[in-house]
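All residue numbers refer to positions in the sequence shown, counting from 1. The basis for the numbers below is simple: all heavy atoms, side chains too, and nothing from hydrogens, waters or symmetry mates. Not measured: the values here are computed from a predicted model.
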Amino acid sequence: MPLRPLRLAAHAELVSLLALLANLATVHLAPVSSLLGPLHGCAYLFVVLLAWRLPRATPAVKALSLIPGVGGLLALRAAAGTPAGRPAAG
């Protein structure tokens with residue numbers, strides 16, 4: 001199974017969380033929260049489901065996917081086999 005769907009869901013999760021926090025820290029518009037809250041929740045669920053369905057999903061990848069916000073990106077990095085200290089080649 002390719003990592004592209006997990007990559008898209010992980011980025012959507014992080015961006016929606018950052019937008020929610022920015023809204024909370026500034027004007028806190030209710031329509032923005034009511035739109036981005038469910039979007040963030042769905043993205044989080046997609047990240048967890050996609051990470052757990054990966055054929056190369058180790059227990060570490062599954063555990064990382066459960067961290068809200070950045071867990072998807074961490075799970076993606078772990079599933080790709082890229083050490084956290086070095087950037088991915090190519």
Side-chain angles (χ1 to χ4, degrees):
M1 182 164 103
L3 295 176
R4 183 171 171 84
L6 178 58
R7 184 175 295 114
L8 291 172
H11 283 96
E13 179 191 10
L14 180 61
V15 169
S16 64
L17 177 63
L18 293 175
L20 276 169
L21 293 174
N23 182 46
L24 183 63
T26 57
V27 293
H28 192 57
L29 296 173
V32 173
S33 296
S34 66
L35 175 69
L36 290 177
L39 176 69
H40 173 69
C42 287
Y44 174 74
L45 290 175
F46 277 119
V47 164
V48 171
L49 291 173
L50 289 170
W52 281 62
R53 292 190 65 213
L54 284 175
R56 56 184 134 184
T58 63
V61 170
K62 292 177 181 180
L64 287 171
S65 72
L66 296 172
I67 301 171
V70 296
L73 295 175
L74 295 173
L76 185 64
R77 181 174 285 245
T82 307
R86 294 190 318 220

*Go through the steps for L3 and R56 under the test side-chain contact (heavy atoms from CB on, under 4.5 Å), then give the verdict.*
CA-CA 11 Å; L3 295 176; R56 56 184 134 184; 3.7 Å; yes
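Applying the under-4.5 Å side-chain rule to Ile, Leu, Val, Met, Phe, Trp and Tyr, the cluster around L39 extends to L20, V27, L29, V32, L36. Apart from L24 itself, the hydrophobic cluster it occupies contains nothing, where clustering links Ile, Leu, Val, Met, Phe, Trp and Tyr at side-chain heavy-atom distances under 4.5 Å. Apart from L8 itself, the hydrophobic cluster it occupies contains nothing, where clustering links Ile, Leu, Val, Met, Phe, Trp and Tyr at side-chain heavy-atom distances under 4.5 Å.
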In residues 57-64, what donor-acceptor pairs under 3.5 Å come from side-chain atoms, sequence neighbours left out?
unit_1, atom_1, unit_2, atom_2, d
T58, OG1, A60, N, 3.4
T58, OG1, V61, N, 3.3

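Across A51 and A75, no two heavy atoms sit closer than the pair CB-CB, 4.5 Å. In terms of heavy atoms, A9 sits closest to L50 at CB-CD1, 4.2 Å.
Note: R7 CZ to L73 CG = 10.0 Å, rounded to the nearest 0.5 Å.
Every residue two or more places apart in sequence or in another chain that forms a side chain to side chain contact (heavy atoms under 4.5 Å, CB included) with L66 is listed here: Y44, V48, W52. Residues meeting the side chain to side chain contact (heavy atoms under 4.5 Å, CB included) test with V15, sequence neighbours left out: none.
Residue pairs meeting the side-chain hydrogen bond (donor to acceptor under 3.5 Å, both in side chains) criterion with at least one member in residues 25-41, sequence neighbours excluded: S16-H40, N23-S33.
When the side chains of ILVMFWY residues are joined at heavy-atom separations under 4.5 Å, either directly or via intervening members, L76 and L14 end up in two distinct hydrophobic clusters.
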